[in-house]
Amino acid sequence: MVSSLTNLDARGEEALQAAIREAAENSARGLSTMVDQRIDLVDARVETKPVWSLHSLFGEPGVEVVAILLGITGDIEGHIALALSTGAAADLVEMLCGEGYGLGADLDPMAQSALGEVGNLVGSFFLNVLADASGLLMMPTPPTVIVDMGGAILDAVLAMLWGEGEQVMTVEGQFFCGNRSVKANLLVLPSCASVGKVIGALSK
Amino acid sequence: MMGQTASVPVGVGELYVTACPNEVLVAYGLGSCVAVAAYDPLRRLGGMAHVVLPDSREIGVNGCSVKYADVAVPKLVERLESMGASKYRLWLKLAGGAQVLSIKGLDEKLRVGERNITAVRAALAALGLAAKAEDLGGTRGRTMQLFLPNGRCTVRVIGCAEREL
């Protein structure tokens with residue numbers, strides 16, 4: 001399994017990078033439509049990293065973040081996550097629910113639902129492009145919204161992936177909403193086997 | 001007079017032992033992972049393992065890695081004994097093993113926390129040992145600290161006051 005990530009064929013990797021960039025940009029377009037404001041995706045990149053590094057992918061592992069997570073099912077397996085600071089999540093909720101509707105001490109059902117919708121939309125727009133390009137079936141699971149330590153949220157995903165190999169492919173990028181500066185980190189974590197499947201399908 | 005304390009992060013899949021009296025070992029952001037803290041009050045030395053997965057034999061690769069409970073627990077005790085600790089004197093404390101993440105359709109695969117708890121307790125029992133204190137399970141992340149000067153152990157959960165373990 002490890003070899004599927006460390007010995008990636010250069011042409012296959014290039015095709016994967018291009019498809020993922022397009023998918024990530026499409027998710028930014030989806031988000032722009034949802035909030036009715038221009039949202040840009042900055043610095044979208046695909047990287048191969050040691051699995052243990054996932055623990056700090058949301059920042060310092062002990063620091064509180066708001067994460068929206070979706071599983072990927074169908075022909076491939078993996079996870080999509082959007083991570084925001086609590087301040088950025090509050091801004092995003094206000095953009096979606098209206099002025100004055102910030103994030104309280106706890107994530108109330110309305111805020112949770114609004115953030116879940118953001119995850120749903122970003123995940124669907126991302127997977128649609130990748131599924132069209134590869135011909136593979138990819139479906140997002142319903143979103144889960146969690147407020148907790150960044151490291152703790154990703155622990156179980158890390159354990160799943162570390163059972164498969166020592167390396168993981170990550171897709172990272174940051175959404176920026178101009179005047180509000182809402183920064184959200186987009187992470188896509190496919191399983192090792194799924195990376196090989198997508199590259200194989202894109203190379204056909 | 002005691003010198004300044006130095007925080008030593010014990011990362012995922014790592015094991016650290018020390019006799020340095022001013023060190024504080026910290027496992028940040030424990031979700032499904034279990035941190036095992038051990039301290040010998042007589043020799044004043046201690047260590048911590050940050051366990052990620054339950055059983056190296058299930059995987060069949062990287063069997064010697066301390067990311068697995070069945071490897072990390074005996075290795076932690078062995079390394080402390082090699083520094084002069086007695087395993088029967090050790091204060092053993094556990095934290096973590098939560099199920100923070102729940103995704104419909106993937107829950108079974110994500111239920112690593114429970115399996116880590118069972119595996120850590122089994123590995124301790126195989127050495128004739130048991131934990132003196134535990135803060136395990138649930139759905140919230142934790143940060144655990146072990147203070148070398150005195151073996152004090154604390155656990156922090158977001159939104160709650162830090163508590164002694």
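Chain letters run A, B, ... following the sequence lines, proteins first, then strands; residues in each count from 1. Quick note: numbers below take in every heavy atom, side chains included, and nothing from hydrogens, waters or symmetry partners.
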Under 4.5 Å, counting heavy-atom pairs only, tell me which of P61(A), G150(A), G151(A) racks up the most with chain B. P61(A)
The residue among L154(A), D155(A), I146(A) that forms side chain to side chain contact (heavy atoms under 4.5 Å, CB included) with V100(B) is I146(A)
Interatomic spacing from CD in E14(B) to NE2 in H55(A) - rounded to 0.5 Å: 10.5 Å
Just wondering, more than 12 heavy atoms not from W52(A) lying within 6.0 Å of its CH2? no
Looking only at heavy atoms, which of residues 151-165 of chain B get nearer than 4.5 Å to chain A? R156(B), V157(B), I158(B)
Which value, rounded to the nearest 0.5 Å, describes the distance between E60(A) atom CD and Y28(B) atom OH? 7.5 Å
Give me each pair satisfying salt bridge (Lys or Arg N to Asp or Glu O under 4.0 Å) with a member in residues 33-47 of chain B, each pair once, sequence neighbours excluded. D40(B)-R89(B)
May I have all residue pairs that pass salt bridge (Lys or Arg N to Asp or Glu O under 4.0 Å) and include part of residues 123-150 of chain A, sequence neighbours excluded? D148(A)-R140(B)
Work out which heavy atom in T143(B) is nearest to a heavy atom in G62(A); give both atom names and the distance. OG1-CA, 4.2 Å
Can you name the residues that form a side-chain contact (heavy atoms from CB on, under 4.5 Å) with V24(B), not counting sequence neighbours? T5(B), V26(B), Q145(B), F147(B)
